[in-house]
Amino acid sequence: MSPAAHQSTSAAESTSQPSALELFDSWVRATAPGEEAARVYRSIWLTWLRYLARADVGRSWHQAKAMDVDGMLESLAQRRADGHHSSHVSRRRYWKVLSRVYQHARNRGWCQNNPTHRARSVPRSEETPSVVLPPAYLDRLREMATAYDDAYRNAKKGQGWIKLRDCAVLAVALDGALTTSELIALQVSKVLAYAPMGIKVLRVDGQRPAQRRDVPLEPWASTVLQAWLDERSRLMGPAAAAGTVFLGRKGYAALSAFTVHQVTQGFVEQLEHEFGTRIAHRGANLLRSSVVAQWLRMGMTQSDVLARAGLDTAAALRRLQHAVPRG
């Protein structure tokens, strides 16, 4: 049994409180985040439980202290083995999830104190400016995405179809600024073709009204996506008319968030190598932020940017203002 599971069982047996995992599930039911968000939040909660289960801590969730929150956040800043530190934004996201789960527990009368309220290592607000790639980096990423011809030839040489898929993931992320969950959930039936114009339109679904939108792709991205769809048809045969656009290795199932991160990270690491630099973030959100900032730099109206990116209010763009010249 894992430390987290053992701790949860012990808490349930020794106190009237729910177990740690029961508490988390109760909070998820009460707040109803999206499926992908719930997976991320669960990972954060399990990281917290593993920290509490350490031999030098040894506390149940309802016994946690502010010093434990500090210790966990500090461990996040130090644990990266590749020289990158967990960002302020990432650590604050951890703190925020813990704070909300504990507040839920207090509201239900399951604990008296919220240990996050007196933590001293709370990172600064998520209003921290987003990391945004400069235009030259975005141009180079587009070149990588349009190298699908080489990827296809490599696939024919037995190196697999993965490279061709990865080029298409990059193209859609770069041109459409889709989130990780949107890339994962995109359905073949929602890729609309406008042949005379040489473009495709992605019909994106979401829980919020703003997230439900049509995203037109430029011809270059449409061409990359079509190359992948052709290869996908070859792989899937008669089943190719349905299902998610982007497939994983195992059983051609939908991609996981981890795989999307790996794909985008691979391209960003290539950027780091070519430009001799280090980039603080490497996931799909880095590409999304960079593309949205590019739209603003190009003079697209704020309302059009919000509509195309699936955002509700202008407040969502505040963290990008540093990347947009003042006119």
Side-chain angles (χ1 to χ4, degrees), residues 133 135 137-156 161-206 211-236 239-248 252 254-255 259-260 263-264 266-268 270 284-300 304-311:
L133 296 174
Y137 287 38
L138 290 175
D139 289 343
R140 179 64 187 117
L141 285 172
R142 290 188 189 97
E143 290 176 359
M144 294 180 195
T146 53
Y148 66 91
D149 283 338
D150 290 336
Y152 187 76
R153 283 193 290 272
N154 288 336
K156 290 298 186 182
W161 43 268
I162 301 298
K163 290 184 178 180
L164 183 55
R165 179 206 66 189
D166 291 354
C167 286
V169 169
L170 179 60
V172 172
L174 281 176
D175 197 33
L178 268 61
T179 66
T180 296
S181 59
E182 289 169 347
L183 288 167
I184 291 170
L186 185 62
Q187 299 288 308
V188 172
S189 61
K190 302 296 184 179
V191 179
L192 312 178
Y194 287 81
M197 300 174 64
I199 66 170
K200 295 187 181 299
V201 174
L202 310 180
R203 183 149 290 172
V204 180
D205 292 324
Q211 293 175 315
R212 298 190 284 272
R213 65 200 190 278
D214 286 351
V215 178
L217 296 181
E218 295 287 339
W220 72 268
S222 298
T223 303
V224 180
L225 178 57
Q226 184 60 54
W228 159 243
L229 291 175
D230 291 342
E231 180 66 8
R232 183 184 178 284
S233 294
R234 188 189 68 79
L235 292 169
M236 299 287 289
T244 56
V245 170
F246 300 115
L247 309 174
Y252 301 144
L255 295 186
T259 301
V260 173
V263 170
T264 55
F267 287 112
V268 175
Q270 187 173 335
N285 199 53
L286 166 66
L287 304 185
R288 175 172 163 83
S289 297
S290 300
V291 172
V292 172
Q294 180 88 321
W295 291 343
L296 291 168
R297 284 196 298 266
M298 291 167 55
M300 190 181 295
D304 285 346
V305 169
L306 292 173
R308 179 160 182 168
L311 298 170

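Only heavy atoms go into these numbers, but all of them, side chains included; no hydrogens, no water, no symmetry mates. Numbering of residues begins at 1 and proceeds along the displayed sequence.
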> Can you find a heavy atom in the side chain of V224 that is under 4.5 Å from one in the side chain of V172?
Replying inline: no
> Which atom pair, heavy atoms only, marks the closest approach of W220 to D175?
Replying inline: CZ2-CB, 4.0 Å
> Got K200 and L192 here, is their nearest side-chain heavy-atom distance under 4.5 Å?
Replying inline: no
> Mind checking what makes side chain to side chain donor-acceptor pair (under 3.5 Å) contact with R232, not counting sequence neighbours?
Replying inline: none
> Donor-acceptor pair, T223 side chain versus P219 backbone, under 3.5 Å?
Replying inline: yes
> Nearest heavy-atom pair of R213 and Q211: which atoms, and what distance?
Replying inline: NH1-O, 2.9 Å
> Are side-chain heavy atoms of I184 and T244 found at a separation under 4.5 Å?
Replying inline: no
>> Do L229 and V191 make a side-chain contact, defined as non-hydrogen atoms from C-beta onward lying under 4.5 Å apart?
In response: yes
>> Whether the side chain of T146 engages the backbone of E143 through a donor-acceptor N/O pair (distance < 3.5 Å, no angle test) should be reported.
In response: yes
> Mind checking whether T179 and L183 have side chains closer than 4.5 Å, heavy atoms only?
Replying inline: no
> Is any side-chain heavy atom of L138 less than 4.5 Å from a side-chain heavy atom of Q294?
Replying inline: yes
> What distance separates I162 CD1 from L247 CG, expressed to the nearest 0.5 Å?
Replying inline: 8.5 Å
>> Is the shortest side-chain heavy-atom distance between R288 and N285 below 4.5 Å?
In response: yes
>> Tell me if a side-chain donor or acceptor on W228 pairs with a main-chain N or O of V245 at a distance below 3.5 Å.
In response: yes
>> Please find the pair of heavy atoms, one from F246 and one from A168, that lie closest to each other, and give the distance.
In response: CE2-CB, 3.7 Å
>> Any carboxylate oxygen within less than 4.0 angstrom of a Lys/Arg side-chain nitrogen, looking at R142 and D139?
In response: yes
> So, the side chain of R308 versus the backbone of V215: is there a donor-acceptor pair under 3.5 Å, distance only?
Replying inline: no
>> Quick check for you: to the nearest 0.5 Å, what is the distance between D166 atom CG and L170 atom CG?
In response: 9.0 Å
> Any idea which heavy atoms bring V291 and A177 closest together, and the distance?
Replying inline: CG1-CB, 3.9 Å
>> I'd like to know if the side chain of D214 and the backbone of V201 have a donor-acceptor N/O pair within less than 3.5 Å.
In response: no
> What pair of heavy atoms forms the shortest contact from C167 to A145, and how long is it?
Replying inline: CB-O, 3.5 Å
>> Within the structure provided, determine whether L202 and L217 are in side-chain contact (heavy-atom separation under 4.5 Å).
In response: yes
> When you measure from the side chain of R212 to the backbone N and O of R203, does any donor-acceptor pair fall under 3.5 Å?
Replying inline: no
>> Let me confirm one number: the OH-CD distance from Y148 to Q226, rounded to the nearest 0.5 Å.
In response: 10.0 Å
> Considering all heavy atoms of both residues, which atom of A173 and which atom of L287 are nearest to each other, and what is their separation?
Replying inline: CB-CD1, 4.0 Å
>> Any side-chain to backbone donor/acceptor pair from Q270 onto F267? Under 3.5 Å, distance only.
In response: no
>> The test is side chain to side chain contact (heavy atoms under 4.5 Å, CB included); show your working for V268 and L286 and say whether it passes.
In response: CA-CA 9 Å; V268 175; L286 166 66; 3.9 Å; yes
